[in-house]
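What follows is a short report on a single structure.
Just so you know, ligand 1 is whichever comes first in the structure, and atom 1 is the first atom listed for that ligand.
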Amino acid sequence: MPTTTADYVELEDRYGAHNYHPLDVVINRGEGVWVWDVEGRKYMDCLAAYSAVNQGHCHPKIVQALIDQSSKMALTSRAFRNDQLGLFYQKLTELTGFSRTLPMNTGAEAVETAIKAARKWAYTVKGVGYNQAEILVFSQNFHGRTTTIVGFSSEEQYRRGFGPFAPGFTLLPYGDIEAVASAMNPNVAAVLIEPIQGEGGIIVPPQGYLAQIADLCKEHRALLMMDEIQSGLGRTGKMFAYEYEDIRPDVLILGKALSGGLYPVSVMLADDEVMDVFQPGDHGSTYGGNPVAAAVGRAALDVIVDEGLIENSAVQGEYLMERLAGVDSEMVKEVRGRGLWVGIELHPEAGGARRYCEALQKAGLLCKETHEHVIRIAPPLVINREELDWAIDNLIGVLTGDRVLQATS
Ligand SMILES: *Cc1c(COP(=O)(O)O)cnc(C)c1O
């Protein structure tokens with residue numbers, strides 16, 4: 001039996017595909033913002049599974065929903081109905097204002113669903129010529145890892161070796177409204193965008209940019225499809241990041257925190273005009289909309305609202321930015337973000353963010369670099385001021401090369 005970190009690392013590396021390069025920390029327990037490794041060391045999770053655990057690890061109410069539902073009825077397939085799905089739909093409509101939900105499992109599947117919806121809407125509603133539909137996407141995008149999605153990535157490594165790719169996507173620079181205006185043409189079915197690019201390095205576009213895109217979409221009758229899989233559900237200090245510009249997309253894509261980390265749950269949301277393009281048989285997934293996913297999803301949404309996680313994200317996030325803005329380190333190029341979602345971009349001379357993430361691990365903070373030079377700080381939204389202060393003290397200690405503080409026990 002493996003017991004040490006090295007044993008578990010060896011086991012994974014020997015029998016698993018090598019499609020990740022994780023930090024060598026083997027976690028076996030989590031609660032709130034904290035996780036423990038197999039050797040009993042305690043860490044603060046500052047990645048929160050890419051914002052899937054906004055509600056904190058193993059939130060008791062979501063765990064209970066999972067236990068209760070999975071011991072009663074787990075999977076019916078959509079060939080039959082189940083008593084949980086309608087309640088989940090209803091909750092999503094109440095929270096988002098969109099009239100209809102289409103449930104899937106992973107984020108990438110929900111993005112694929114939105115792409116299919118946009119294309120069919122273009123042919124059957126807008127009147128675009130068959131197979132001519134175009135979708136505008138943005139450099140540094142991240143929408144998942146299917147062959148269609150990586151086909152319109154600007155990240156060379158995501159694509160290399162995986163072609164041929166699906167046509168119908170036009171890649172534009174992110175943050176440049178003129179580029180969107182000149183790309184608009186009658187064949188454009190949709191604009192697919194992240195309101196803040198997470199994997200791209202916590203890139204916050206200029207204020208007004210999303211609203212201008214929304215206007216262009218209206219003018220040219222194209223759908224605005226917002227991928228809020230990572231930015232949504234409280235991460236930025238609002239329920240959805242698009243609320244910062246007082247707009248409403250035509251299609252909203254959610255995943256990750258929609259289950260608080262307990263289960264893969266994703267959805268595409270839209271109003272009738274778009275969602276009605278799907279007829280029985282057009283699209284589906286064996287596990288999509290299963291009773292466990294629906295019950296877990298409903299509990300996960302309740303926790304975000306009932307526990308004030310959006311407000312906490314706004315308040316603690318502002319404090320985090322304030323303290324980091326004052327950091328005196330020649331290695332730091334820029335600190336940016338919104339809510340509890342902050343990217344610390346380092347100068348190239350710092351030698352890459354990975355080194356810092358390894359140093360942070362020793363200090364008891366689990367962070368992951370994104371791109372080469374950005375440290376991402378995205379703890380669960382349940383974090384309190386004391387925990388945040390502890391994290392910031394350590395972070396600043398590592399960034400300024402000071403001593404490493406002891407983990408609070
Ligand atoms: C994580 C992510 C996805 C993909 O979700 P998976 O569940 O990993 O397929 C898509 N879009 C954004 C913005 C994401 O952050």
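Residue contacts with ligand 1 include K256, since one of its heavy atoms falls under 4.0 Å from the ligand. Every heavy atom of E199 sits 4.0 Å or more from the atoms of ligand 1.
Counting heavy atoms of neighbouring residues, nucleotides and ligands inside a 6.0 Å radius, atom CD of E31 does not exceed 12 of them. At most 12 non-hydrogen atoms from other residues, nucleotides or ligands lie less than 6.0 angstrom from CZ of R81. No more than 12 heavy atoms of other residues, nucleotides or ligands lie within 6.0 Å of CD in E178, so this atom counts as exposed by the packing criterion.
The existence of a salt bridge linking D393 and R323 is confirmed by a sub-4.0 Å separation between a basic side-chain nitrogen and an acidic carboxylate oxygen.
For the pair T148/V111, no side-chain contact is recorded, criterion being any heavy-atom separation below 4.5 Å from C-beta on.
In the vicinity of A108, heavy-atom distances shorter than 4.0 Å reach the ligand 1 atoms 4 (C), 5 (O), 6 (P), 9 (O). Atoms of ligand 1 found under 4.0 Å from any heavy atom of E194, numbered from 1 in the order shown, are 13 (C). Atom numbering of ligand 1 starts at 1 in the shown order; those under 4.0 Å from a heavy atom of D227 are 10 (C), 11 (N), 12 (C), 13 (C).
Remark: the backbone N or O of P348 is not paired with any side-chain donor or acceptor of K333 at under 3.5 angstrom.
With hydrogens left out, the protein atom closest to atom 6 (P) of ligand 1 is G107 N, 3.4 Å, a heavy atom.
For atom 11 (N) of ligand 1, the protein comes within 4.0 Å by at least one heavy atom.
The aromatic rings of H143 and F152 lie tilted to each other, with the angle between the two planes from 30° to 60°.
By the 3.5 Å distance cut-off applied to N or O atoms, I229 is not counted among the residues near ligand 1. Considering both main-chain and side-chain atoms, F142 comes within under 3.5 Å of ligand 1 through a nitrogen or oxygen pair.
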